[in-house]
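Before any comments, here is the structure.
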Protein chains: 2
Amino acid sequence: MDERRTDNRTHDDEAAAAVSRFVERFAAQLVQAGMPRMPARVFAALLSSEQGALTSAELSGQLKVSPAAVSGAVRYLAQVNLVSREREPGSRRERYRVQGDQWHNALLERDTSLRNWQTTMREGVEQFGLDTPQGRRINETLEFFLFLDKELGSLMERWAAHRAEHLGD
Amino acid sequence: MDERRTDNRTHDDEAAAAVSRFVERFAAQLVQAGMPRMPARVFAALLSSEQGALTSAELSGQLKVSPAAVSGAVRYLAQVNLVSREREPGSRRERYRVQGDQWHNALLERDTSLRNWQTTMREGVEQFGLDTPQGRRINETLEFFLFLDKELGSLMERWAAHRAEHLGD
DNA sequence: CCTTAACTTCACACATTTCTGAAAGAAGCG
DNA sequence: CGCTTCTTTCAGAAATGTGTGAAGTTAAGG
């Protein structure tokens with residue numbers, strides 16, 4: 001691991017490879033958590049980029065995939081509010097940026113997902129009735145989701161506070 | 001266990017179909033949350049069953065899949081601690097049971113998953129260093145996971161309390 | 001022991017998902 | 001306008017995932 005100042009070429013390659021290793025590991029974890037592969041890789045690359053933003057071409061080059069793949073991945077990420085698209089003024093290039101702190105929120109998927117669970121569970125309770133073991137079991141799950149919905153709100157508030165305090169204003 | 005009435009047949013079929021509809025909807029939601037298809041269906045069926053437990057044969061019949069498929073699904077579910085296997089004493093039958101309340105915990109994946117995130121993020125911070133924007137960004141994510149780890153503990157305690165009060169005694 | 005029921009493993013077929021190359025679509029700039 | 005550059009769409013190829021039948025493994029019960 002003794003990399004002297006031989007020349008910039010190998011040095012840069014090393015660095016790029018190291019970044020790539022982290023990106024792929026990060027992406028793998030996102031995949032495990034249920035995110036499709038390419039969106040995961042794109043997101044990890046963005047988060048690991050200096051500006052927190054990259055162009056389509058940069059992503060395409062760095063991840064060694066076609067522009068088409070990047071396009072699809074970005075569409076997905078934008079849909080779940082993990083990246084925003086910006087037009088660079090004076091160029092046709094589009095720049096994709098990670099939503100700095102909102103991605104923590106997204107991880108807990110509070111918005112729609114939780115509500116969907118609630119309605120599904122409510123239907124189950126209705127169907128089986130509280131006079132059956134199944135009904136009561138499913139009702140408990142419903143209550144759990146209601147509880148979560150309530151609690152996660154204040155949890156994120158506490159996070160915002162913690163964050164402000166720790167990382168400075 | 002026996003057929004008495006003439007209309008029992010249609011009545012039972014109705015009921016079974018209704019259960020099936022709920023099971024499939026439930027399963028679909030689990031799939032959307034990242035669970036493989038067959039494990040999702042098996043889990044939903046178990047949770048919707050009267051005893052919260054079914055045998056391999058019952059699952060196979062109810063879900064209209066081969067025993068092999070059930071086997072694979074159960075292996076997955078056991079691995080993520082969503083079901084436990086029980087041997088029925090006087091028989092070769094195996095019985096799979098939902099982990100009553102522990103599945104709520106599992107949903108929040110506190111155990112291993114969160115730790116894995118932490119180590120991945122730590123590696124990222126180390127690699128980029130806190131003197132880079134990337135490093136700081138990833139560090140913030142690391143802090144978020146540490147925060148979550150801490151908070152989810154007390155959240156689940158509160159849930160246990162809420163639950164005991166509401167359904168307990 | 002041997003039989004047999006119950007579950008598991010494995011190789012393969014079928015389906016779905018995911019990525020690519022090609023072509024069409026937008027938007028700056030001369 | 002029309003040229004050029006970047007992005008998106010789309011059909012299809014490649015990769016992955018998923019479920020089945022058949023053979024293998026384990027253990028109950030004669």
Side-chain angles (χ1 to χ4, degrees), chain A residues 20 23-24 26-46 49 51 53-80 82-97, chain B residues 20 23-24 26-46 49 51 53-80 82-97:
Chain A
S20 174
V23 165
E24 295 305 327
F26 191 171
Q29 200 128 22
L30 287 166
V31 168
Q32 204 190 340
M35 187 183 290
R37 177 171 281 269
M38 190 58 54
R41 297 182 68 206
V42 166
F43 183 76
L46 287 173
S49 71
Q51 311 297 333
L54 293 170
T55 65
S56 178
E58 288 168 327
L59 284 166
S60 180
Q62 214 174 296
L63 299 174
K64 303 239 182 63
V65 294
S66 70
V70 173
S71 177
V74 166
R75 175 154 33 109
Y76 175 95
L77 290 170
Q79 204 139 24
V80 296
L82 284 176
V83 310
S84 60
R85 322 157 87 100
E86 341 182 313
R87 274 258 154 57
E88 289 194 324
S91 168
R92 278 131 288 205
R93 285 212 176 125
E94 201 136 351
R95 201 155 248 275
Y96 308 114
R97 178 174 300 282
Chain B
S20 174
V23 166
E24 294 306 327
F26 192 171
Q29 200 127 23
L30 287 165
V31 168
Q32 204 190 341
M35 186 183 290
R37 178 171 282 269
M38 191 58 54
R41 296 182 69 206
V42 167
F43 183 75
L46 287 174
S49 71
Q51 310 297 333
L54 293 170
T55 65
S56 179
E58 288 169 326
L59 284 166
S60 181
Q62 216 175 293
L63 300 175
K64 303 238 183 62
V65 293
S66 71
V70 173
S71 176
V74 166
R75 173 155 36 108
Y76 175 93
L77 290 169
Q79 202 139 27
V80 297
L82 285 176
V83 310
S84 59
R85 321 156 88 98
E86 341 181 314
R87 276 253 154 58
E88 287 195 328
S91 166
R92 281 137 282 211
R93 284 213 178 125
E94 201 137 354
R95 202 156 246 274
Y96 307 115
R97 177 175 301 283

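From a predicted model like this one, the values you see are computed outputs, not experimental measurements. So you know, we letter chains A, B, ... as the sequences are listed, proteins then strands, and number each from 1.
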- Task: Output, in order, the C-alpha distance, side-chain angles, deciding distance and verdict of side chain to side chain contact (heavy atoms under 4.5 Å, CB included) for A:Arg41 and A:Gln62.
- Result: CA-CA 10 Å; A:Arg41 297 182 68 206; A:Gln62 214 174 296; over 6 Å; no
- CE of B:Met38 to CG of B:Leu77, rounded to nearest 0.5 Å, is 11.0 Å
- Message: Using 0.5 Å steps for rounding, measure from the OG1 atom of A:Thr55 to the CD atom of A:Glu86.
- Response: 11.5 Å
What is the distance, rounded to the nearest whole Å, between atom [atom1] of [X] and atom [atom2] of [N]?
| X | N | atom1 | atom2 | answer |
| --- | --- | --- | --- | --- |
| B:Tyr76 | D:dT18 | OH | C1' | 14 Å |
| A:Glu86 | D:dT7 | CD | C1' | 16 Å |
| A:Glu58 | D:dC6 | CD | P | 12 Å |
| A:Leu59 | D:dT7 | CG | C1' | 13 Å |
| B:Arg95 | C:dA6 | CZ | P | 13 Å |
| A:Lys64 | C:dT18 | NZ | P | 22 Å |
| A:Glu94 | C:dG25 | CD | P | 18 Å |
| B:Leu63 | D:dT20 | CG | P | 10 Å |

Less than 4.0 angstrom between a side-chain N/O of [X] and OP1 or OP2 of [N], yes or no?
| X | N | result |
| --- | --- | --- |
| A:Arg93 | D:dC6 | yes |
| A:Ser56 | D:dT7 | yes |
| B:Arg75 | C:dT9 | yes |

Nearest to the side chain of [X] - [options]?
| X | options | answer |
| --- | --- | --- |
| A:Ser66 | D:dG19, C:dG21, C:dT18 | C:dG21 |
| A:Met38 | D:dT8, C:dT18, C:dC19 | C:dC19 |
| A:Ser71 | C:dT8, C:dC19, D:dT8 | D:dT8 |

- Task: Count the heavy atoms of every other residue, nucleotide or ligand shown that sit under 6.0 Å from CZ of B:Arg37, and state whether that count exceeds 12.
- Result: no
- CA sep, side-chain torsions, deciding dist, call: A:Leu63, A:Glu24, side chain to side chain contact (heavy atoms under 4.5 Å, CB included): CA-CA 9 Å; A:Leu63 299 174; A:Glu24 295 305 327; 4.3 Å; yes
- Have a look at B:Arg85 and say if it touches a base, only the backbone sugar-phosphate, or nothing, with a 4.0 Å heavy-atom cut-off. sugar-phosphate
- Please tell me which of B:Arg92 and B:Arg37 maps to the more 5' nucleotide of DNA chain D, matching each residue to the nucleotide holding its nearest heavy atom.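 Result of the comparison: B:Arg37.
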- Message: Nearest heavy atom decides the nucleotide; on that basis, is A:Ala68 or B:Met35 closer to the 5' end of DNA chain D?
- Response: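 The residue whose closest nucleotide sits nearer the 5' end is A:Ala68.
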